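Residues: numbered from 1 along the sequence shown. Only this structure's heavy atoms are used, side chains among them; waters, hydrogens and symmetry mates stay out. Bear in mind the structure is a predicted one, so any value in this text is a computation, not a measurement.
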Amino acid sequence: IRITDVIPDDVAFLNVPIAGGLPVVLDDGSPASGLVLAPDDLAYSDDDGATYSYTPASGADADVDGLQVIPSGSLPSGARFSVRFRVAVQ
């Protein structure tokens, strides 16, 4: 599974931990997904999604314009999950 999200120009990605030390959180639904999210499962872009090799600065980083979440594990049929991260409106 690879989830890609575009970060609009008028917000800054908040590179601060939400839970588990990560700025992005995977919340299991019901039934649970069984997916796991680790730091290496996150990738950031600063070139409109051409590449995902940018390392965001701590705190609010307006240069992040794309986020990829690539959790490990397999998603069982009917399982649900959501992904959360924070941004600051500029």
Side-chain angles (χ1 to χ4, degrees):
I1 295 173
R2 179 182 307 263
I3 301 162
T4 302
D5 200 353
V6 175
I7 310 292
D9 291 337
D10 57 349
V11 300
F13 176 76
L14 290 179
N15 188 22
V16 295
I18 297 175
L22 298 176
V24 179
V25 175
L26 189 148
D27 292 321
D28 263 326
S30 180
S33 72
L35 299 175
V36 177
L37 192 60
D40 290 343
D41 298 335
L42 304 174
Y44 308 91
S45 177
D46 68 343
D47 57 10
D48 294 322
T51 63
Y52 282 85
S53 57
Y54 178 70
T55 301
S58 294
D61 188 339
D63 290 334
V64 175
D65 58 22
L67 168 68
Q68 282 190 343
V69 180
I70 311 156
S72 59
S74 59
L75 185 65
S77 178
R80 296 177 181 214
F81 70 96
S82 62
V83 174
R84 289 186 293 131
F85 61 91
R86 297 184 289 184
V87 297
V89 177
Q90 298 184 359

Please give the remaining members of the hydrophobic cluster of [X], linking ILVMFWY side chains under 4.5 Å, ordered by chain and number.
X: Y54; result: I1, I3, I7, V11, F13, L22, V24, L26, L35, L37, L42, Y44, V64, L67, V69, L75, F81, V83, F85, V87, V89
X: V6; result: none
X: Y52; result: none

For residues 26-39, the side-chain hydrogen bond (donor to acceptor under 3.5 Å, both in side chains) pairs (sequence neighbours left out) are D27-R84, D28-S33
- Under 3.5 Å, is there a donor-acceptor pair between the S45 and D65 side chains? yes
query = Taking everything shown except D40 itself, do over 12 heavy atoms lie less than 6.0 Å from its CG?
reply = no
What one should report as the nearest heavy-atom pair of R86 and V16 is NH2-CG2, 3.2 Å
The side-chain contact (heavy atoms from CB on, under 4.5 Å) partners of R80 (sequence neighbours excluded) come to none
With sequence neighbours left out, the residues meeting side chain to side chain donor-acceptor pair (under 3.5 Å) with T4 are Q68
